[in-house]
Each structure stands twice: as structure tokens, then as C-alpha cells.
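Note that the structure is a prediction, hence the values are computed from the model and not measured.
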Amino acid sequence: RSIFKARQCESFNIDDLTADRRSYLVADLDVLCSPDDDEFRGLDAYFWAFFALWPVLVPLAFLTLLLSIRSEVREQRVGATARASRFLWRDYDPRFLFWEVV
């Protein structure tokens, strides 16, 4: 949810006579929402990187973790890593350990 705040801008009147408006980032009103603003361009690059990578990297990290603990879970001798990542597998039968990734 908060990643989208890097794209949320609010427009303000800066001159009533000319009806000139400027948009600023809601999360930080010091940042001008303009391609000419270096800070906004940097945030925009981070936004697109996380927007594209998050749906791929998080499931991949979960898969890697589950692969590393699958023998412990199947043999029911749960170590520290398996115990810490129990939220990923405790509701599933050991045969369906990877269902959370799907």
C-alpha cells in the first residue's frame, strides 16, 4: 500500500490570477511531481523497480526458504529456521508444503 504513495500527488494553486498550479508528492510535500525534479525522478525509478520485482522476488524467496526446510518439515524435526518460517507451512499437509508459493 505505501509503495503507491510514491506516485500520489496533490495539486495546489500557486497563483490565483494566472490559475497556475503545481503538484507535490502527498508523502513529502517538498517533492515537486515533475519529470524535471531529480528527487521525484529517483522515487519514480524506485517505484517501478519495486512494482515490477516485488511480485516475483517475494514468492521466489518463499520458495527458496521452503526448499531449504522441506526435509525438516516432512520428517517432523523442525529446527530454528523452519520454526521461524512456520507461518508459511503450518496450515498445510507436508505434501503440499509449497502451496503458499502458488
Side-chain angles (χ1 to χ4, degrees):
R1 180 177 65 162
S2 63
I3 188 175
F4 293 104
K5 289 186 179 183
R7 302 276 307 159
Q8 188 177 5
C9 297
E10 187 169 337
S11 185
F12 297 96
N13 281 335
I14 59 167
D15 188 351
D16 288 334
L17 296 175
T18 63
D20 195 17
R21 299 177 70 82
R22 285 196 189 146
S23 295
Y24 292 92
L25 198 62
V26 172
D28 184 357
L29 293 174
D30 291 330
V31 178
L32 182 65
C33 291
S34 167
D36 300 330
D37 187 77
D38 291 335
E39 195 169 2
F40 181 72
R41 248 194 341 262
L43 287 171
D44 200 43
Y46 277 114
F47 168 79
W48 286 111
F50 280 108
F51 184 75
L53 294 176
W54 187 266
V56 174
L57 292 181
V58 169
L60 189 60
F62 286 171
L63 178 63
T64 304
L65 181 61
L66 289 170
L67 282 171
S68 72
I69 63 166
R70 73 177 161 185
S71 61
E72 293 177 36
V73 173
R74 286 185 179 158
E75 295 169 10
Q76 295 183 348
R77 49 178 189 87
V78 178
T81 304
R83 198 172 16 266
S85 60
R86 190 174 35 225
F87 68 95
L88 288 173
W89 57 267
R90 73 171 160 229
D91 294 331
Y92 302 108
D93 185 284
R95 293 174 298 162
F96 302 110
L97 183 66
F98 301 103
W99 187 250
E100 189 67 34
V101 176
V102 175

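Taken from OG in S23 to CG in L29, the straight-line distance is 11.0 Å, to the nearest 0.5 Å. Note that CG of L32 and CD of E39 are 10.5 Å apart. Values are rounded to the nearest 0.5 Å. In this structure, CG on L88 lies 10.5 Å from CG on L63, to the nearest 0.5 angstrom.
Residues P59 and V56 approach most closely at CD-O, 3.5 Å, considering heavy atoms. Here the shortest heavy-atom pairing between V26 and C9 reads CG2-C, 3.9 Å.
When each of D15, I14, D16 is paired with T18, the side-chain contact (heavy atoms from CB on, under 4.5 Å) condition holds for D15 and for no other.
Y24 and F12 have tilted rings, their planes meeting at an angle from 30° to 60° on a 0 to 90° scale. Classified by interplanar angle (parallel below 30°, tilted 30° to 60°, perpendicular above 60°), the ring pair F47/F51 is parallel.
R22 CZ: 12 or fewer foreign heavy atoms inside a 6.0 Å radius. Counting non-hydrogen atoms of other residues, nucleotides and ligands closer than 6.0 Å to CZ of R21 gives a total above 12.
A salt bridge links R7 with D44: the closest approach of a Lys/Arg side-chain nitrogen to an acidic carboxylate oxygen falls below 4.0 angstrom.
For residues 68-78, the set of pairs meeting the salt bridge (charged side-chain N to carboxylate O under 4.0 Å, His left out) definition, not counting sequence neighbours, comprises E75-R77.
By the 4.5 Å heavy-atom criterion applied to side chains, L65 and T81 are counted as neighbours.
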Output, in order, the C-alpha distance, side-chain angles, deciding distance and verdict of ring-ring contact (aromatic ring centres under 6.0 Å, His included) for W89 and Y92.
CA-CA 6 Å; W89 57 267; Y92 302 108; 9.7 Å; no

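Under the 4.5 angstrom side-chain criterion for Ile, Leu, Val, Met, Phe, Trp and Tyr, the cluster partners of L43 are L25, V31, F40.
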